[in-house]
Amino acid sequence: MKKIGLIIVCLSGALLLYATQDFPRWGDPNSPASTHVSPRYIQKSLEETDVPNLVTSILADYRGYDTMFETTVIFAAGLSCFILLRAFKKKEDDLYYRHISTGITLHIKGDKTIPASSKEFERIDTMWTPYDLIIKTVCRFLVPFIQIFALYVLAHGHESPGGGFQGGVIFGASFIVIAIAFDLRTALIRFKEKMDGLLSALGVFIYAGLGALCLLLGGNFLNYKELATILPMDPVEARAYGILGVEIGVFIAVMAVMLSIYVNIVSEGRHDEGL
Amino acid sequence: MTHNFPVLIVTVPLLSAFIISGLSWVKKSLCFPVALLALGTSVFCAIGLLFRVLDLGVVEYHMGGWMPPWGIAYRVDLLNGLMLVIVSLVALTNLVATHRTVVADFPEKHGTFYTLYVLFVTGLMGISVTGDVFNLYVLLEITSLTAYALIALGQPDRAPLASLNYVFIGTIGACFYLLGIGYLYIMTGSLNMADIASLLPPIYHSKAVLVAFIFCMVGVCTKMAFFPLHVWLPNAYTYAPDAATSVIAPLMTKVMVYVMIRLVFSVFLPDFSFHVLHISHAFVWLACLAIVMGSLLALSQKNIKTMLTYIIVSEIGYMVGGFWLGNRLGMSGAILHILNDAIMTLCLFLAVGNISYKIRELDFVHLKGLFRKMPITMAAFVAGGLSAIGVPPTCGFFSKWYLISGAIQAGQYGFMLALLFSSLVNVVLFFRIIEIAYFEPMEPHNDTTGLKGSIIEAPLTMLVPLLIVAVSLVVVGIYSGDIVTTLIAPILPKGIG
Amino acid sequence: MDVLIHHIIGKYNYWLYTILMMIGLYAMIAKNNLIKKLVGMNIFQTAIILFYVSIACKKGATIPIIEEHGGSVAGHAIRVADYINPLPHVLMLTAIVVSVSTFGVALALAVKIYQKYKTLEEDEILMRLRDK
Amino acid sequence: MIPQLDIIILTLVIVCAIAAISVKDLLGCAILFGAYSFMMCLLWAVMGSVDVAFTEASVGAGVSTVFFVAAVFRTTRRTKD
């Protein structure tokens, strides 16, 4: 099997290199790719969409339809992990508790449990990870600043590199930090599974709904110029705010999906014990 | 609102998929009606669009109001219209037919199943209508991702492994297609199909365009399960849940055949594919190999579902071979066969879904005496089988007739022999099942209802769609003459002989 | 001989992306462990992203963010050769997101396979399948 | 776009790729895979595509390494080849 694989790989590699002879030299300014379509983006983008970051303006406006389906890909990945791994049945075997004041760990067999509200005992994972004060306190300090940075990345997608995807991933990562530093249950208390499912659907719905709103206002799908009729601004500014609205939709969807994929993979769908 | 049809076909199901996903957390019972409504509107829009295309010729739609090479544009002609109607009708019929199986198999997750189902159909309809090569790649990824998830829900011990193999081979195929677009983009600088077609002619003889063509075709043939690259299909479709197989089997591979036709007609233009490159003969011989091997492998199967998957592999050989014959008869036969094969495969897989809903087992040894037990389902299965063989009243005969006469006109006698050989093998395959199901008595152990000698037919909501599809086999067969003259003939460009 | 040198120097970026792609493709086909195949798949996809990004490069051009010189930008035309071609970057944002989604779903499938077979080695799984 | 820097990073990328595939322990493979993604992000930043580099850093190097380690935590670190 390895020999066939090697032959296939070398064949396709040779084919790829054979074609590079006709390519324009690397990085030359008047190659077809840089002279046919992109000059209009570079010259007109600032006049038409009032967004200095060309990549964000093309991403959300000129080729916004692609990005809508790309957000749908992320949404479908979140759903797939949910439907493949989520098992609603509880894990039967025994639980571990730790007495907070003395630090003794209890190993309770069978299905009896200590009520979650009790103050003296706190539940710990079966693969018991050492109680580490430093990581927990540093993480409690760190998470708010990660989230503020994520919102900054989203808001500044127009001027600096960044935007909906990067901000959404960083915001999702802040919840993953909580899940790793503390344990999965504390993260799930703060971000319930139902809220997660609804938010991921809501995020992509904002994106597609904004496009449909432009349709209802008379323009083509995703034509933010039509938003100028309801928003008190001229069409170019309406496009900029349309792009921001779409980025917010992407932000919410990517945040929720990243957390849901992580939670489903790390707890094998039981949502009680993870990394 | 009628000029918005092209985009409504894709965005209405997309929006309703997100609504269904939200509803699956709030109120599960509403998921199926919303899915039904969504696919109903897209069937309505698809038929409305087909009539608009019939009298307007070509319908353009610019996303976001931008002109084509800068923004994404839809350029809907008859081939798109035909594919949209096929995809939406098959998806709607299947949604209704497999409702009970889905609710029975996935009690608390059927809301999410319907979301993935509607996203899968949205991806397929997006592929059938888009006019932008990169948009086609993104939609290909949505379709494949939802197909991986839907397939992995089947039998717990075999389906995840089959789906993971499909992930690997499908990703290689999609990435080869992406490489092909990259090579086209670096040589032409544009991503719009019509724009690339206008920029390509001066650089037809460059090596990069040749390699772009090869990579696009290898990528599409991998997703189409064309013979040497079909290894993922049998396991994936056999171990998938019945509700998922009966929507993926009839549509996924046919839409990829459409993508190949669209690439040759609208991006590389036929005179590049047939005259500059001399590979049409190679494709026809590969198709003959696909037909023969598909039929032989189908003979050696013990499970009825695996047998049908190998028949799909040989049907793909019909379409690819018919298209690459290069003459009007062969190409119209290939496009007609996309329609006929979609209906045939849907009919066969719905019948198999009914059988496995009632009897749980699908090996030949368990099909004994099914004619007395499930007469309507087996009648529909026989109708599908006759169409696969190519018996006159059904539609399978007419597309085979076009393919064979196209092969004779093109002088490809190997392809004609392969077609006849596969028809004979199909006769053996289907009459073997009819013989088991009709003559041998039913064993008591797998009679699930325990009522001696009575009919254990599938419930009504599964039978009526199956009968509609079986009847449509004959109706499409009778009207295939008009379908070819009105719908398919104007698709073929003038240059074809 | 100098034509070959010219080819190599002028387009070394494409040679190196092809080597990366071949590594990824070989790992996908030849590796026995399912997760190693996944790493090969991701390397294969990032190699294609490297190819697209190297299309976008222009010598002597800066990043595709237009600096606003004072209020009236439309006062003087923006010179195209100053900025890198932004279109491949947009395409590659999509490709990265697609590769992560496929990676996530494939990992979920690998976890599900491990639940059933307690191994991630392809040959061991096929052996246990054959025993059934 | 300094060619020398470009070549150094490209060789590091290829070294990380080959190492990630041939190392015998999945957790090591995860860390090398994170290093490979981060090197790719560095390469793209040097080539001027800042948005793609930012996405690859956060999505590629960040989250997919976390998914990888989570999956290895739930399965096994053992690999035969």
Side-chain angles (χ1 to χ4, degrees), chain A residues 12 15-16 18-24 31-38 40-41 44 58 61-70 72-73 75-77 79-84 86 88 193-195 197-198 200-205 208-209 211-212 214-215 219-226, chain B residues 4 7 11 14-15 17-19 21-22 24-26 61-66 69-72 106 108-109 112-113 115-116 119 122-123 126 132 134-135 138-139 141-142 145-146 148-149 152-153 160 176 179 183 185-191 195 199 203 206-212 214-215:
Chain A
S12 50
L15 207 58
L16 283 171
Y18 166 74
T20 51
Q21 290 156 16
D22 279 355
F23 278 177
S31 71
S34 321
T35 49
H36 180 47
V37 169
S38 72
R40 181 189 189 281
Y41 291 139
K44 292 247 182 38
I58 300 173
D61 192 359
Y62 290 101
R63 295 189 67 91
Y65 200 59
D66 266 355
T67 318
M68 179 169 81
F69 285 118
E70 176 197 330
T72 317
V73 167
F75 174 67
L79 280 183
S80 312
C81 286
F82 168 78
I83 202 168
L84 285 176
R86 185 73 173 99
F88 289 100
E193 187 187 5
K194 176 171 181 173
M195 160 77 78
L198 286 175
S200 59
L202 174 75
V204 206
F205 188 82
C214 303
L215 197 71
N220 280 2
F221 190 73
L222 276 179
N223 190 351
Y224 307 121
K225 192 151 49 70
E226 303 309 325
Chain B
N4 281 326
V7 86
T11 39
L14 191 71
L15 282 164
F18 307 138
I19 295 169
S21 165
S24 70
W25 290 101
V26 176
Y61 193 88
H62 303 153
M63 289 300 155
W66 301 108
W70 292 284
I72 295 166
F106 312 105
E108 76 271 342
K109 286 185 189 165
T112 317
F113 183 90
T115 317
L116 287 176
L119 279 180
T122 315
D132 186 274
F134 190 77
N135 197 17
V138 179
L139 289 157
E141 281 300 328
I142 293 179
L145 204 72
T146 38
Y148 304 149
L153 291 170
F176 273 14
L179 262 175
Y183 276 46
Y185 177 68
I186 197 168
M187 293 313 285
T188 60
S190 150
L191 287 170
D195 202 25
L199 289 165
I203 47 171
S206 92
K207 303 181 180 63
V209 174
L210 168 72
V211 169
I214 293 169
F215 270 88

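As the structure is a prediction and not an experimental result, all values here were calculated from the model. Because only heavy atoms are used, hydrogens play no part in the values below, and waters and symmetry mates are left out as well, while side chains stay in. Every chain is numbered from 1, with letters handed out A, B, ... down the list of sequences.
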Sort Ile186(B) into side chain, backbone, both or neither according to what part of it lies under 4.5 angstrom from a heavy atom of chain A.
-> both

Bottom line for Ala212(A): the part with an atom under 4.5 Å from chain B's heavy atoms is side chain

Assign the ring pair Tyr183(B) / Phe23(A) to parallel, tilted or perpendicular, where the plane angle (0 to 90°) is split at 30° and 60°.
-> perpendicular

Tell me, out of Leu191(B), Val26(B), Ile203(B), who's got the most heavy-atom pairs with chain A below 4.5 Å.
-> Leu191(B)

Identify, with sequence neighbours excluded, every residue that meets ring-ring contact (aromatic ring centres under 6.0 Å, His included) alongside Tyr148(B).
-> Tyr166(B)

Is it the backbone or the side chain of Ile58(A) that comes under 4.5 Å from a heavy atom of chain B, or both, or neither?
-> neither

Contact class of Asn135(B) relative to chain A, heavy atoms under 4.5 angstrom = both

Without hydrogens or angle criteria, can the side chains of Trp66(B) and Asp61(A) be said to hold a donor-acceptor pair below 3.5 Å?
-> yes

In Å and rounded to the nearest 0.5 Å, what is the CG to CG distance from Leu215(A) to Asn4(B)?
-> 4.0 Å

Do the side chain of Tyr41(A) and the main chain of Trp70(B) share a donor and acceptor less than 3.5 angstrom apart?
-> yes

Are the side chain of Lys207(B) and the backbone N or O of Asp22(A) linked by a donor-acceptor pair below 3.5 Å?
-> no

Phe88(A) versus chain B, heavy atoms under 4.5 Å apart: side chain, backbone, both or neither?
-> side chain

Would you give the length of the straight line joining atom OG of Ser24(B) to atom CG of Leu79(A), rounded to the nearest 0.5 angstrom?
-> 7.5 Å

Ranking Ser206(B), Ala212(B), Gly71(B), Gly22(B) by heavy-atom pairs under 4.5 Å to chain A gives rank one to Ser206(B)

Heavy-atom contact with chain A under 4.5 Å, split by part of Leu15(B) | both

With rounding to the nearest 0.5 Å, note down the distance linking CG in Asp66(A) to CD1 in Ile72(B).
-> 3.5 Å

Contacting moiety of Glu226(A), where chain B heavy atoms sit under 4.5 Å = neither

Polar side chain donor-acceptor pair, Asn223(A) to His62(B), under 3.5 angstrom = no

